[in-house]
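Written out below as structure tokens is the structure these notes cover.
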Amino acid sequence: MPGSVKLRSVKKFGQENDSYEFSDEGKLSKNGKKEESAIRVGFFQLFRFASCREICMMIFGSICAIIHGSAQPLMLLVFGMLTDTFIEYDIELNELTDPEKVCVNNTIQWRNLTEEENLALNMTRSCGLLDIEYEMTNFAYYYVGIGAGVFILGYLQISLWITAAARQIQIIRKMYFRKVMRMEIGWFDCTSVGELNTRMSDDINKINDAIADQVGIFIQRFTTFVCGFLMGFAKGWKLTLVIVSVSPLIGVGAGLMALFVAKLTGMELQAYAKAGAVADEVLSSVRTVAAFGGEKKEVERYDHNLVSAQRWGIRKGLIMGFFTGYMWFIIFLCYALAFWYGSSLVVDTQEYSPGTLLQVFFGVLIAALSLGQASPCLEAFAAGRGAATIIFETIERKPEIDCLSEAGYKLNKVKGDLEFHNITFHYPSRPEVKILDQLNLQVKSGETTAFVGPSGAGKSTAVQLIQRFYDPKEGMVTLDGHDIRGLNIQWLRSLIGIVEQEPVLFATSIAENIRYGRPGVSNDDIITAAKEANAYNFIMDLPQKFDTLVGEGGGQMSGGQKQRIAIARALVRNPRILLLDMATSALDNESEAVVQEALDKVRMGRTTISIAHRLSTIKNADVIVGFEHGRAVERGKHEELLDRKGVYFTLVTLQSQGDKALNQKARQEMEEAASSDPDAERKSLNRAGSYRASLRSRSQLSNVVHELSVAIAGELGPRSYSETHSGLPDDDSDEVEPAPVARILKYNAPEWPYMLFGSFGAAVNGGVNPVYALLFSQILATFSMPDPVEQRREINGICLFFVVVGLVSFFTQLLQGYAFSKSGELLTRRLRCLGFQAMLGQEIAWFDDHRNSPGALTTRLATDASQVQGATGSQIGMIVNSLTNIGVAIIISFYFSWKLTLVILCFLPFLALSGGFQAKMLTGFAKQDKEAMEAAGQISGEALNNIRTIAGLGKERNFVEMFEAQLEAPYQAALKKANVYGACYGFAQCVVFMANSASYRFGGYLVYREGLHFSFVFRVISAIVTSGTALGRASSYTPDYAKAKISAARFFQLLDHIPKISVYSDEGDKWDNFKGDIEFIDCKFTYPSRPDIQVLNGLSVSVRPGQTLAFVGSSGCGKSTSVQLLERFYDPNNGRVLIDGRESTRVNVAFLRSKIGIVSQEPILFDCSIAENIRYGDNQRHLSMDDVIAAAKKAQLHDFVMSLPEKYDTNVGSQGSQLSRGQKQRIAIARAIIRDPKILLLDEATSALDTESEKTVQDALDKAREGRTCIVIAHRLSTIQNSDIIAVMSRGYVIEKGTHDYLMSLKGAYYKLVTTGAPIS
């Protein structure tokens, strides 16, 4: 990654290429390691794409935010004056209650004294001047004024920032996509498309979050923080200092809590990692676990490892409870201290008025709170900077092969001679694997050259170098003697037409797809191209003809149709060079013939390179080049190469055998079917068709079958592939119905005492807030008491009470934290255990689904189970807490003044609404944004997934333009959102002011007319306001709750999934004298995860007890599959497997597997000692050490183990990595022997070994085979020739079977394999 990227603003927008003139300073840093995506973008650099207009908007928005931020402290000034007014009024009332006193000339005087005497007694307190209602009306106006100001400022602040951000993000999105589309193909190899798509959406959204409303909100809160403190110091510095001096205690508490929680979470994860490793190991080797019946053992091992994780989780809950309690305790102590010291300043020294005390206290409190609220914004900024790092780096990066650059020559006349000079090449994504190794090769113009060779020999790579998708490390590719690196890329690619094995069509109409071949092509040209490609007729048969939509990825078309459209697209370019990369391999016979004919027509007079595996496609090429290990090893015509007996010959031989057998079988089926019923004919035709279609012909040459003259119904091609793959990944995320809470609680039932205590603690905690309101108003009441001694006593009492409430709060928080974490952790452990057990009980086919890969399943155990806690434990606590809070508050308020309470309750829905708006805003209108971006996302997804096709066609610009057109709608939506969002925010902020204005005005009325004591007004208002915030808090917990319900639903889906082949059930036959007589009768089978590939195609073979059967054949012919049917990992789709004459589907699974021992090619060992691994062979009974040693001796393992320092207790490492292959293999054999199985399956048990260890292992196997039914799969003759039956398989069907000598005398496929010595694989 570039080390120090100098960020520069982009020059001149809108000019196609100038926007990319970046300086070249970001040279690669020396250490090639990915520096961990450190944040290398300063905060202000996020705004580098802002124009003048946006900068003005942001500045104006910030000014509004600053004024808005100072509104709350301003409100406190009004609040202080209002309190003083109420207290004045109350004191006057108190004085006048004395019958001796009377109001004369607006001063209170003793009734029976003269004015002079009164003056002498200092009776100057005024009376009758204070019209409380008038005063309150004034204050109400202040409040309304501030509220209106706040509404306008809030609206401006938010909408300006969001609008500015939307404009910048629009620019970033365009630049980023434009840049990505210019990158060379090698860059895409190293960057996954998924990652790019995420960056397009999520990362850019993160930048958006960092430069939009969050900045405004941060500025506003920070201003509030500053103003609050300023006000505290200006109005009363002594009290402010006292309050500030306590705050470190809170800070230390919060810091320690964060530290401990992080540490404990780490410990918990570490403890869980052990259990996770067990789960991962078991799920990765689920076939071994199933074969040896180790399910129950593994579940116990997993559960055993969960205990420590549970312990740490409970500790974490306890500590969080402790610290939360501690914080509340300190906060209440702080209240007590502030009011005690403040009241002494008011009453004793009379430095402050009561209003000042409140202004100072609340000023500091509000300041502290807003500082806390400002910190989440910092997280958004950091996330945005992190996301911007990679995105801006991509925008800066210079592509190595810039496909949109204008540079390079264009030749006037192109002949079409291609030559490779000494080319060495490896893909940037796999630098250690050499793909081409000093390749020298000429392709003459006008000739057809065929490339053949095994997979991975570098054929397709050579073709990609011609298209200049990559540049070779050494050597050069020349066109007519010019190095292609000097030619203009777009021009070079316009000369080349390419047809691939899996052609990519874009989701538009057929005509548009063909038009992609060359811009501005006329309809006549399209029709001509379609005719040349043999596509015209089938297109005209479609109802919409050329306007038919081909669907996502061409999914609506069959393989042959897609292929022909792709050929038409290649032809419309009128290319000089035609590249055919396996253009017909994925087709069935009929469409192959048609497509082949089309290709033969268009090859005339062009330089053509054809990569193919089928003889028919290659035979009539002018030159055939054989590739091996990245070199061109042979070159010549068909006959010459057959004589050489090299690469080409090997590829041809085996294939023709298999084809003959298959044709006989197909013919046979036709006859049988025709005689029985006409409907079956269609079925068998389909079968043969899909079969032919799915030939694994990617790795073999195949002789086209002329005998199969029957037309095969329907073009069954690889189309199912594109459909299945595009549809799968999202299934499991969307369609889960959230689980009912009742069912989650049922799993948590045993922990009810904990939940009861926890709820009790939560209820007490909920009652604390309203009690605080009571105490607060009580203090205000004391300020108007006439008797100083009584006043002092009352104040001290209240402060003491604050301390008591703090203590209670501390203990109940502790109780709540502990009880709920205990019940939650127990639930998590129980669910994990059940989930793991359910996973191991699934049939093997379930694990083949890519959604159930070991990684995905382990994550599901780790996260889903722990998220379910969110619906029970702490969630219940939260709900109880909020309910008691609101309940107590409302009871208190109605008790003291029901009229005022009703007035305030009118505002409650608005308060709640504003809380809801706030919450909605924090999560943002994420969903709407997502939907708006979907259309653009589809285009970018299609472009990135098919980048090779687009690059080959030179269509990058079109996609950039389409993408930018799609961005317009989300951009307009964002601008609209800015206004709505701003209005909501302004409303939410001003509701509080409005509520206050109304309630204090009405309070004044009640105090004046109905003699309500003024402290009750404060009591009611503050009780309800605190409960309103509690409501908001409860609603903020809902996302967690929803997440928990979804997680639980996913989990229950797993628990409720009933496996087709159940391990845990006791149903099915068991019998005593198990002999081991096996028979396969006409088995047909396709893997559920690849339904389009027929693996077994009517396998019939039988083995008597004690015999050895050997399977031989090329890879993928169904040898290992037959073994898996016997183990009942799968059941055959048609046909039967008989064991001792009973059908395998009726036999008890566990019983059947206990009779079979298996040794596979790459044996999987578990991460424990050698003895444990051998014991794993039989999980039904306990095995003594003698049994283990006996088995080890039989497997020729004992001597080697005794030579190790820890002997049988040696740990084999994960996956057995500490041992050599031969040693692993012998442990696996010992593990199979200790079961004392009746049937022994050896799946290539020696193929991976060198000669010496092979001998040892072979001896061990020969010993083990005595007296058992044995099935051997092998590639080496030595392992096969003394078997009782040898079955030669090709394409899921036995073509010959018998003893070694019998098969040699047949002179068939087996004989050929043995004599040419060609490896059987």
Original post:
After noting the C-alpha distance and the side-chain angles of R948 and Q464, does the key distance pass the side chain to side chain donor-acceptor pair (under 3.5 Å) rule?
Top reply: CA-CA 9 Å; R948 282 169 198 265; Q464 299 197 37; 2.3 Å; yes
Subject >> Steps toward side-chain contact (heavy atoms from CB on, under 4.5 Å) verdict (T449, D622) >> reply: CA-CA 6 Å; T449 308; D622 299 313; over 6 Å; no
Original post:
Could you walk me through whether I466 and V443 pass the side-chain contact (heavy atoms from CB on, under 4.5 Å) check?
Top reply: CA-CA 11 Å; I466 296 173; V443 178; 5.9 Å; no
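Listed by chain and number, the residues in a salt bridge (charged side-chain N to carboxylate O under 4.0 Å, His left out) with E447 amount to none (sequence neighbours excluded). The ring pair (Phe, Tyr, Trp, His ring centres under 6.0 Å) search around Y516 returns F506, not counting sequence neighbours.
Here the closest heavy-atom approach between residue L465 and residue I484 is recorded as O-CD1, 3.4 Å. The minimum heavy-atom distance linking I185 with A951 is given by the pair CD1-CB, 4.1 Å. Heavy-atom minimum distance, Q467 versus G952: NE2-CA, 3.8 Å.
Ion pairing between a basic and an acidic side chain is recognised when a charged N comes within 4.0 Å of a carboxylate O; E184 and R397 show such pairing.
No side-chain donor-acceptor contact under 3.5 Å links N946 to the backbone of T949. A side-chain donor-acceptor contact under 3.5 Å links R635 to the backbone of Q442.
In this structure, the side chains of R576 and D480 stay at 4.5 Å or more apart for every pair of heavy atoms. Within the 4.5 Å cutoff, the side chain of E956 has no heavy atoms near those of the R178 side chain.
When the shell of 6.0 Å around NZ of K473 is examined, it contains more than 12 heavy atoms from other residues, nucleotides or ligands.
For the pairing with I609, the side chain to side chain contact (heavy atoms under 4.5 Å, CB included) check across I577, L418, L578 returns one residue only, L418.
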Solution key, residues 520-529 side-chain donor-acceptor pairs under 3.5 Å, sequence neighbours excluded:
from	atom 1	to	atom 2	distance (Å)
S522	OG	D525	N	3.3
S522	OG	D525	OD2	3.4
N523	OD1	R515	NH2	2.7
T528	OG1	D524	O	2.6

